[in-house]
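Here the structure is laid out as structure tokens; the discussion comes afterwards.
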Amino acid sequence: MVSKKKIVLIIVLILIVAIAATGLMFYNNYQQGKASFQGKHNILVLCADPTEQREGVGGVDMAFIIELNDGTLGEVTPVYPGGLYDPSMTPPPDLRSEGVDHWYLHDSLWTADLEAGTQRAQQIVEYNTGTSTDIVVVVTPDAIDAMINAVGPVYSNGQEVTIDSLTFLRNDQDQNGATRGDAVEGLADGIIDATRSSGKKVDLISTITDQYAKGNIMVVPQDVFEKLVAYAGFSNIFS
């Protein structure tokens with residue numbers, strides 16, 4: 001079983017670098033974050049597949065709920081999107097025309113409005129799991145591929161990642177019987193291990209900054225996110 005901390009390290013690194021990219025003052029956000037994020041809070045991470053044609057980012061292939069307790073990492077819960085929906089939500093006509101009768105978590109980012117899409121995802125996840133979330137992080141395969149290229153070679157579950165990450169994850173499931181959650185966790189574990197062994201932390205940070213600027217890593221809402229990461233992020237990374 002991959003340590004719950006390792007899947008989170010990539011996400012935490014993404015969050016920290018995203019703050020650096022905005023040029024915000026760390027100390028002020030730390031003080032505000034300390035006041036705002038004491039107690040328990042949850043982050044929803046959405047792994048999106050942009051190869052699916054739609055107005056929005058892409059289909060949600062996998063999700064995770066990351067729990068923070070007074071800024072310290074708690075439970076990490078995988079959420080498999082298949083079949084999850086909130087019956088109070090009605091899909092738009094263009095989605096219904098595809099033969100979809102519910103607004104599933106998989107299709108929550110269907111529209112171009114990212115904030116509305118992440119709110120839908122939060123509502124669907126809360127309906128099905130009973131867990132509300134404070135922040136949503138959306139990560140695309142392009143961002144993961146760039147990270148792999150920056151620190152590689154990367155090995156996941158004993159295999160070198162020599163193809164794009166989306167294909168690798170699918171092969172890990174189809175050929176090796178891994179669940180989607182285990183496949184994603186294994187890949188995150190491999191990126192962290194490669195970064196540590198290669199000494200390419202600076203390269204990884206530079207790559208994540210670039211991917212954040214290109215829109216391959218997205219965070220909603222920005223103002224809350226800044227405070228949270230300034231308060232909690234540095235205590236969790238690479239420890």
Side-chain angles (χ1 to χ4, degrees), residues 1-15 43-54 56-67 73 75-84 104-109 121 124-125 128-129 136-198 200-201 203-204 207-208 210-212 214 216-218 236-238:
M1 177 69 69
V2 176
S3 167
K4 65 181 181 180
K5 201 162 192 175
K6 293 193 174 181
I7 182 69
V8 175
L9 287 174
I10 285 291
I11 303 303
V12 170
L13 181 58
I14 287 171
L15 298 178
I43 301 173
L44 177 62
V45 179
L46 303 176
C47 303
D49 176 7
T51 63
E52 297 188 25
Q53 295 300 309
R54 59 192 66 207
V57 178
V60 177
D61 274 354
M62 188 64 203
F64 294 89
I65 299 172
I66 299 174
E67 177 187 296
L73 178 67
E75 294 298 319
V76 178
T77 305
V79 179
Y80 296 89
L84 298 189
Y104 293 96
L105 177 58
H106 176 80
D107 299 314
S108 56
L109 303 179
I124 294 169
V125 168
N128 285 274
T129 68
V136 182
V137 179
V138 181
V139 183
T140 70
D142 284 345
I144 302 302
D145 290 342
M147 285 188 272
I148 291 171
N149 290 334
V151 302
V154 169
Y155 294 86
S156 176
N157 297 324
Q159 305 172 78
E160 183 177 358
V161 182
T162 58
I163 53 179
D164 69 273
S165 59
L166 190 57
T167 301
F168 180 86
L169 291 172
R170 288 172 175 167
N171 289 347
D172 200 13
Q173 296 170 86
D174 296 340
Q175 299 175 12
N176 302 317
T179 66
R180 174 54 64 98
D182 286 343
V184 173
E185 290 184 46
L187 187 55
D189 185 30
I191 293 172
I192 289 295
D193 288 345
T195 303
R196 286 172 169 158
S197 63
S198 66
K200 294 181 179 179
K201 181 179 176 181
D203 299 89
L204 182 61
T207 298
I208 293 174
D210 179 59
Q211 292 301 304
Y212 181 78
K214 289 178 177 177
N216 293 326
I217 300 167
M218 295 146 279
N236 285 307
I237 190 168
F238 288 101

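Side chains are part of it too, since the values below use all heavy atoms of this structure and drop only hydrogens, waters and symmetry mates.
Taking the side chain as every heavy atom from C-beta outward, Asp172 and Gln159 approach each other to under 4.5 Å. Considering only heavy atoms from C-beta on, Ile148 comes within 4.5 Å of Leu187 through its side chain. Side-chain contact check for Leu105 versus Val125: some heavy-atom pair is nearer than 4.5 Å. You'll find the side chain of Val79 stays beyond 4.5 Å of the side chain of Asn128, heavy atoms only. Between Thr77 and Thr129, the closest side-chain pair of non-hydrogen atoms is not below 4.5 Å. In this structure the side chain of His106 reaches within 4.5 angstrom of the side chain of Asp61, judged on heavy atoms.
Nearest heavy-atom pair across Ala150 and Thr207 is CB-OG1, 3.2 Å. For the pair Ala194 and Pro153, the tightest heavy-atom approach, listed with the atom from each and the gap, is CB-O, 3.6 Å. When all heavy atoms of Ile124 and Ser108 are compared, the closest pair comes out as CD1-CB, 4.4 Å. Across all non-hydrogen atoms, the minimal contact from Phe64 to Pro78 is CD2-CA, 3.8 Å. Heavy-atom minimum distance, Gly83 versus Tyr104: C-CD2, 3.8 Å. The two residues Pro50 and Ala48 make their nearest non-hydrogen contact at CD-O, 3.4 Å.
Summarising the geometry, atom CG belonging to Leu109 is positioned 11.5 Å from atom CG belonging to Asp49; distances are rounded to the nearest 0.5 Å. Atom CG of Leu166 sits about 10.0 Å away from atom OG1 of Thr140, to the nearest 0.5 Å. One distance of note links CD of Gln211 with NZ of Lys214; it measures 5.5 Å at 0.5 Å rounding. Note that OG1 of Thr162 is 8.0 Å distant from CZ of Phe168, once rounded to the nearest 0.5 Å. With rounding to the nearest 0.5 angstrom, the CE atom of Met147 is 11.5 Å from the CG atom of Asp210.
Taking Arg54 as the reference, Glu52, Asp107 meet the salt bridge (Lys or Arg N to Asp or Glu O under 4.0 Å) condition, with sequence neighbours excluded. The salt bridge (Lys or Arg N to Asp or Glu O under 4.0 Å) check on Asp142 picks up nothing, with sequence neighbours excluded.
No donor-acceptor distance shorter than 3.5 angstrom exists from the side chain of Asp145 to the backbone of Asp164, with no hydrogens or angles considered.
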Worked check of side chain to side chain contact (heavy atoms under 4.5 Å, CB included) between Ile144 and Ile191: CA-CA 9 Å; Ile144 302 302; Ile191 293 172; 4.1 Å; yes

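When each of Val57, Leu46, Val136 is paired with Met218, the side chain to side chain contact (heavy atoms under 4.5 Å, CB included) condition holds for Val57 and for no other.
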